[in-house]
Amino acid sequence: MDTALILHFLTTPLVFLIWTTFLKTFILLNVVLGVVSVTVFAERKVSAFIQDRIGPNRVGIPMTLLGGKKDIPLWGLGQMIADPVKLLTKENFVPAGVNKFFFWLAPKLVLLPPLLVLAVLPFGSSLFGVEMTIANINVGVLFIFAVTSLSVYGITIAGWASNSKFPFIGGIRSSSQMISYELSLGLSIIPIFMVCGTLNINEIVDWQIKNGWLVAPYWPHGFSLDQLLHPKDLIHSLIAGVSLERFLLWIPMMVSFVIFLVSIFAETNRLPFDLPEAEQELVGGYHTEYSSMNFASFFLGEYAAMFAGSGAIVSIFLGGWSLPIIPDGSHGWFWGLVNIGAWFAKVSVILLFMIWIRWTLPRFRYDQLMKLGWLGFFPIALFNIFLTAIILAVVHH
Amino acid sequence: MPIVVNRPKLTFAEKCYLPSIFAGLAITWKHLKRALFNKGIVTMQYPEEKWDANLPDWYRGAPTLVVDENGREKCVSCQLCEFICPPRAITIKPMEIPENDKWRKVEKRPEEFDIDMARCIYCGLCEEVCPEEAIFLRKDYSITGLNRAEMVHDKKTLYKLGGVMKGLTFKWNELK
């Protein structure tokens with residue numbers, strides 16, 4: 001009787017929405033923070049391999065602490081736990097001359113925006129009929145832009161509140177870096193709206209399932225599991241996918257993709273655009289004066305921003321959770337899980353690409369970044385909008 | 001006279017960065033791929049692999065005391081090393097050699113000889129200044145301890161590390 005009542009209560013639409021949303025938020029947050037520490041480990045390993053080193057390979061299960069004879073190294077995977085434990089147990093030192101309130105506020109301001117961005121990213125199709133997006137809102141892309149630009153406040157405030165010269169320069173650099181890439185970031189996405197006709201990320205993903213991914217529009221509508229059994233249909237739909245409009249639109253989409261990708265690098269303060277940090281010039285940049293968990297918040301924020309940025313790239317340009325042939329979650333929970341796995345796999349690829357880029361390219365000089373933003377990407381993004389409009393107007397009709 | 005260095009004329013490919021970015025990515029990919037299969041790694045796994053066999057003869061490791069082939073401790077505790085030691089790591093307590101000792105005519109030897117390895121800077125001045133060729137920097141470099149007291153090498157440790165040094169000047173022989 002009681003269980004039936006509770007079940008009935010839990011399945012009323014509003015209550016159902018609330019508790020599933022909380023559950024999704026909880027799971028996604030934990031998974032993402034886990035992925036962050038894996039990313040840090042991957043960064044150390046990949047950087048080591050690129051530089052002909054081995055990287056962390058010792059910290060595993062400390063059998064010697066438990067009375068054993070030999071530690072189990074586990075390829076250094078224990079480093080993922082050892083790093084946060086070190087950061088958590090260190091002394092949280094606050095220098096005397098800082099502005100205490102803003103000094104404590106800044107790390108939170110850096111950590112919060114990337115986690116908020118995760119709310120609008122569709123990380124899967126659906127599982128047991130529950131949509132795998134925390135918030136399916138109509139202004140998803142605008143929400144991402146609005147929220148991610150906030151993290152620059154955290155960095156600038158950290159630089160200013162530290163009351164020290166190098167953090168200050170880092171903070172100033174961060175704000176001027178923001179105005180040079182944010183414009184082209186916003187403009188690069190306009191052609192996508194013109195093509196897809198929507199700002200809702202879920203709908204952009206749906207559009208890509210029907211018309212092919214924006215960076216690779218090679219498989220058309222109806223390319224599904226059933227068609228593999230009917231080769232005639234398959235060839236027919238493949239031929240239907242080859243059209244002049246498709247390939248003409250592919251050019252501005254690729255331009256948008258490159259600008260968006262590079263801008264996301266700048267947005268997340270990754271090399272080659274990590275001017276606010278710039279270890280070699282500015283000691284540690286904006287987080288020079290931070291230690292312990294406050295520093296860890298910056299660290300976490302940076303990697304969470306990488307994850308959120310990669311998630312945005314995947315959802316907007318790489319077809320989100322979709323894979324060709326693989327059906328969506330309405331065909332059963334197994335396919336729902338496969339879709340979630342596909343999304344995380346795609347995000348991991350972009351994350352690895354970011355790490356790969358970091359250990360390949362040297363840092364841009366300050367004025368070079370401004371020049372690239374204002375004289376390079378800004379006009380190209382503007383031109384790209386007109387190009388898309390012309391293609392749409394001439395070829396579409 | 002000023003030298004004019006003209007900026008090199010860049011082609012369009014060089015100006016738009018992209019080709020060189022891809023070239024760089026190809027290079028790092030090559031290294032990544034090689035290292036993934038454990039090839040071309042240049043680092044040495046320290047505690048398991050050591051480079052001790054390749055240490056040069058002039059390597060300056062921990063300072064030690066030596067005995068000669070007759071088993072006599074060479075130090076006569078003149079304390080020159082104690083005075084020249086820049087970080088004042090050496091402390092010597094001299095003693096007189098008793099009457100019935102075989103080496104009575106040497107007159108002095110150290111009763112205690114401490115080198116604080118937490119202070120030692122491995123400069124080798126003690127070896128250089130020693131008139132008796134009694135102190136030598138050997139090749140031990142991994143000196144560890146859990147506290148300050150453990151880092152002090154006493155006379156026993158120093159002789160153990162130093163061992164016997166043959167072929168040195170034998171100036172305290174019976175004929176002299």
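Only heavy atoms go into these numbers, but all of them, side chains included; no hydrogens, no water, no symmetry mates. Numbered from 1 within each chain, the chains take letters A, B, ... in sequence-line order.
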Could you grab the distance from atom [atom1] of [X] to atom [atom2] of [Y], nearest 0.5 Å is fine?
X: A:Lys45; Y: B:Leu36; atom1: NZ; atom2: CG; result: 10.0 Å
X: A:Ile54; Y: B:Asn38; atom1: CD1; atom2: CG; result: 6.0 Å
X: B:His31; Y: A:Arg53; atom1: NE2; atom2: CZ; result: 13.0 Å

More than 12 heavy atoms of other residues, nucleotides or ligands under 6.0 Å from [atom1] of [X]: is that the case?
X: B:Lys139; atom1: NZ; answer: yes
X: B:Phe37; atom1: CZ; answer: no
X: B:Lys33; atom1: NZ; answer: no
X: B:Lys50; atom1: NZ; answer: yes
X: B:Arg148; atom1: CZ; answer: no
X: B:Tyr59; atom1: OH; answer: yes
X: B:Tyr122; atom1: OH; answer: yes

Among the listed options B:Lys30, B:Gln45, B:Arg34, the residue most often paired with chain A at heavy-atom distances under 4.5 Å: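 Most heavy-atom pairs under 4.5 Å with chain A: B:Gln45.
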Top contributor to chain B contacts, counting heavy-atom pairs under 4.5 Å, from A:Trp356, A:Trp359, A:Phe49: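 Among the listed options, the one with the most contacts to chain B is A:Trp356.
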Residue pair B:Val42 / A:Asp52, side-chain heavy-atom distance below 4.5 Å: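 Sidechains of A:Asp52 and B:Val42: in contact.
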Minimum heavy-atom distance A:Thr360-B:Leu25, with the two atoms named: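 Where A:Thr360 meets B:Leu25 most closely, the heavy atoms are CG2-N, 3.5 Å.
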Shortest non-hydrogen separation from A:Ile50 to B:Thr28 and the atoms involved: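 Result for this residue pair: CG2-CG2, 3.5 Å.
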A:Val46, part contacting chain B, at a heavy-atom distance under 4.5 Å: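 Both backbone and side chain.
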